[in-house]
J.: 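Dropping a structure here in structure tokens format, bear with me for questions.
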Amino acid sequence: MIKFFRKIRQNLLTENKLSKYFLYAVGEIVLVVLGILIALQLNNYNDTLKQEKQELKTLVNLNLDFEFNLSEIERNINILKNNTNASIKVISHTGNKFSDDFDINSLLDQTVYIPQYFPQNGFLLELMNSGNLGIIRNDILRNRLSSWLPTLETLNDKEQFALEFCKDLIRYIVKNGSWIKADEMSTDEQIQGIGIPKSGFEIDNNRMLNSVEFENLIENQIVNNTILLERQERCLKLNKEIVELLRSEIKK
């Protein structure tokens with residue numbers, strides 16, 4: 001092809017047709033430029049396809065993690081709500097509010113249990129540490145993902161505070177009550193499967209209901225649970241937003 005064009009130029013020069021030669025030269029330049037532009041367009045198109053495939057893979061992996069995270073935070077919220085309700089039932093029978101038909105043993109385990117949230121963030125951390133979060137083109141989704149780890153940090157702080165305070169309630173029960181009596185009423189299959197013998201002491205856990213210290217510990221536990229629940233629900237809201245955005249982007 002190059003020889004063909006060179007031969008045309010030589011013939012035009014030989015025949016002294018300068019005007020036609022210049023027109024031809026301009027045409028040849030235009031063809032070369034068009035060829036370069038087409039090659040660049042094809043290269044850009046291929047790069048775009050490659051980036052879109054990489055983005056889709058990223059979105060799918062993130063969605064797997066955040067679907068799991070969503071189910072976990074929903075589970076934790078349900079547990080915390082149930083445990084808070086159990087504590088409210090207990091404090092509703094302290095002091096002169098006690099009734100003979102009430103048994104604290106079935107509720108004691110719930111009053112001291114703080115569910116911890118352990119989300120899967122491996123892929124997001126890898127994406128952020130490698131500086132590749134920008135592969136996600138949706139600005140809102142990128143913003144929500146950037147907010148996820150700080151939100152978790154705040155939730156974790158509240159969890160640690162609640163867990164630390166809960167130790168005081170556990171120590172009180174260890175000193176003044178019987179965990180064996182409480183475990184006898186537990187519906188947890190793992191606890192039931194241990195086969196713990198009956199207590200060798202005649203201890204009535206209901207006696208703790210006559211202690212103002214126990215009442216104060218349970219009340220504080222309810223307050224801490226309520227604060228923690230608010231943080232969990234913030235986390236749930238952000239998690240849902242991220243999942244909805246991920247699903248929407250994957251469907252495009």
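Quantities reported herein were computed from a predicted structural model and do not represent experimental measurements.
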J.: Side-chain contact test, heavy atoms from C-beta onward, threshold under 4.5 Å: evaluate it for Gln221 versus Leu217 and give yes or no.
T.: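 The answer is no, as the side chains (C-beta and beyond) never meet within the 4.5 Å cut-off.
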J.: Under 4.5 Å between side-chain heavy atoms, counting indirect links through other Ile/Leu/Val/Met/Phe/Trp/Tyr residues: same cluster for Val243 and Leu141 or not?
T.: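 Val243 clusters together with Leu141.
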J.: May I ask you to check whether over 12 heavy atoms, not counting those of Ile140, lie within 6.0 Å of atom CD1?
T.: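 Open: at most 12 neighbouring heavy atoms sit under 6.0 Å from CD1 of Ile140.
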J.: Please, which pairs that meet salt bridge (charged side-chain N to carboxylate O under 4.0 Å, His left out) have at least one residue in residues 156-165, sequence neighbours excluded?
T.: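 Every salt bridge (charged side-chain N to carboxylate O under 4.0 Å, His left out) pair that includes a residue of residues 156-165, provided the two are not neighbours, is Glu164-Lys167.
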J.: Can you run down the ring-ring contact (aromatic ring centres under 6.0 Å, His included) pairs that involve residues 64-90, sequence neighbours left out, and say none if there aren't any?
T.: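 Pairs touching residues 64-90 that pass the test: Phe66-Trp148.
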J.: Please name all residues satisfying side-chain hydrogen bond (donor to acceptor under 3.5 Å, both in side chains) with Asn78, sequence neighbours left out, ordered by chain then number.
T.: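 Here no residue qualifies.
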J.: Of all residues at least two apart in sequence or in a different chain, which pass the ring pair (Phe, Tyr, Trp, His ring centres under 6.0 Å) check with Tyr117?
T.: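 Partners of Tyr117 by the ring pair (Phe, Tyr, Trp, His ring centres under 6.0 Å) criterion come out as none, since no residue qualifies.
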J.: My understanding is that only residues two or more places apart in sequence, or in another chain, count here; which of them pass side-chain hydrogen bond (donor to acceptor under 3.5 Å, both in side chains) with Arg144?
T.: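 With sequence neighbours excluded, Arg144 shows a side-chain hydrogen bond (donor to acceptor under 3.5 Å, both in side chains) to Glu241, given in chain and number order.
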J.: Linking I/L/V/M/F/W/Y whenever their side-chain heavy atoms sit closer than 4.5 Å, directly or via other members, would Leu149 and Leu155 fall into one cluster?
T.: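 Leu149 clusters together with Leu155.
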J.: Listed by chain and number, what are the side chain to side chain contact (heavy atoms under 4.5 Å, CB included) partners of Glu230, not counting sequence neighbours?
T.: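 In terms of side chain to side chain contact (heavy atoms under 4.5 Å, CB included), with neighbours along the sequence ignored, Glu230 is linked to Arg234.
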J.: Listed by chain and number, what are the side-chain hydrogen bond (donor to acceptor under 3.5 Å, both in side chains) partners of Lys175, not counting sequence neighbours?
T.: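 So Lys175 forms no side-chain hydrogen bond (donor to acceptor under 3.5 Å, both in side chains) with any residue.
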J.: Out of curiosity, does Ile227 fall in the hydrophobic cluster containing Ile222 (side-chain heavy atoms, cut-off under 4.5 Å, transitive links)?
T.: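 Different clusters.
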J.: In chain order, what residues pass the side-chain hydrogen bond (donor to acceptor under 3.5 Å, both in side chains) check against Glu244, with sequence neighbours excluded?
T.: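 Glu244: no side-chain hydrogen bond (donor to acceptor under 3.5 Å, both in side chains) contacts found.
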J.: So, does Asn76 use its side chain to make a donor-acceptor pair with the main chain of Gln116 at under 3.5 Å?
T.: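 Yes, the answer is positive, given that a donor and an acceptor are paired below the 3.5 Å cut-off.
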J.: How far apart are the C-alpha atoms of Glu72 and Arg75, what are their side-chain angles, what is the distance that settles it, and do they pass the salt bridge (charged side-chain N to carboxylate O under 4.0 Å, His left out) test?
T.: CA-CA 5 Å; Glu72 285 297 295; Arg75 184 181 70 87; 3.4 Å; yes
J.: Salt bridge (charged side-chain N to carboxylate O under 4.0 Å, His left out) with Glu74: which residues, sequence neighbours excluded?
T.: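 For Glu74 there are no salt bridge (charged side-chain N to carboxylate O under 4.0 Å, His left out) partners, ignoring immediate neighbours.
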J.: Tell me every residue that passes salt bridge (charged side-chain N to carboxylate O under 4.0 Å, His left out) with Glu213, counting only those two or more places apart in sequence or in another chain.
T.: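 Partners of Glu213 by the salt bridge (charged side-chain N to carboxylate O under 4.0 Å, His left out) criterion come out as none, since no residue qualifies.
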J.: Do Ile88 and Phe98 share a hydrophobic cluster (ILVMFWY, side-chain heavy atoms under 4.5 Å, transitive)?
T.: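 Same hydrophobic cluster.
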J.: Flag yes if more than 12 heavy atoms outside Lys57 fall under 6.0 Å of its NZ atom; otherwise flag no.
T.: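 No.
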J.: Do Asn121 and Leu152 have side-chain heavy atoms sitting under 4.5 Å apart?
T.: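 They are in contact (side-chain heavy atoms under 4.5 Å apart), so the answer is yes.
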J.: Which is it for Phe102 and His93 under the ring-ring contact (aromatic ring centres under 6.0 Å, His included) test, yes or no, and what are the steps along the way?
T.: CA-CA 8 Å; Phe102 180 73; His93 290 85; 3.8 Å; yes
J.: Could you give the side-chain donor-acceptor pairs of residues 123-135 under 3.5 Å, partners two or more places apart or in another chain?
T.:
unit_1	atom_1	unit_2	atom_2	d
Asn129	ND2	Leu125	O	3.1
Ser130	OG	Glu126	O	2.8
Ser130	OG	Leu127	O	3.1
Ser130	OG	Asn132	ND2	3.0

J.: Same cluster or not: are Tyr113 and Leu107 linked, directly or through other Ile, Leu, Val, Met, Phe, Trp or Tyr residues, by side-chain heavy atoms under 4.5 angstrom apart?
T.: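 Cluster IDs for Tyr113 and Leu107 differ.
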J.: Taking only residues two or more places apart in sequence, or in another chain, which ones meet Arg207 in a salt bridge (charged side-chain N to carboxylate O under 4.0 Å, His left out)?
T.: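 Partners of Arg207 by the salt bridge (charged side-chain N to carboxylate O under 4.0 Å, His left out) criterion come out as none, since no residue qualifies.
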J.: Run Ile136 and Leu62 through side-chain contact (heavy atoms from CB on, under 4.5 Å) and show every step you take.
T.: CA-CA 11 Å; Ile136 298 173; Leu62 285 170; 3.7 Å; yes
J.: Go through the side-chain N and O atoms of Asn69 and Asn239 and say whether any donor and acceptor fall under 3.5 Å apart.
T.: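 Not at all, the side chains of Asn69 and Asn239 share no donor-acceptor pair under 3.5 Å.
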J.: For the side-chain hydrogen bond (donor to acceptor under 3.5 Å, both in side chains) test, which of Asn105, Asp103, Asn176 pairs with Asn205?
T.: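 Exactly one option meets the side-chain hydrogen bond (donor to acceptor under 3.5 Å, both in side chains) with Asn205, and it is Asn105.
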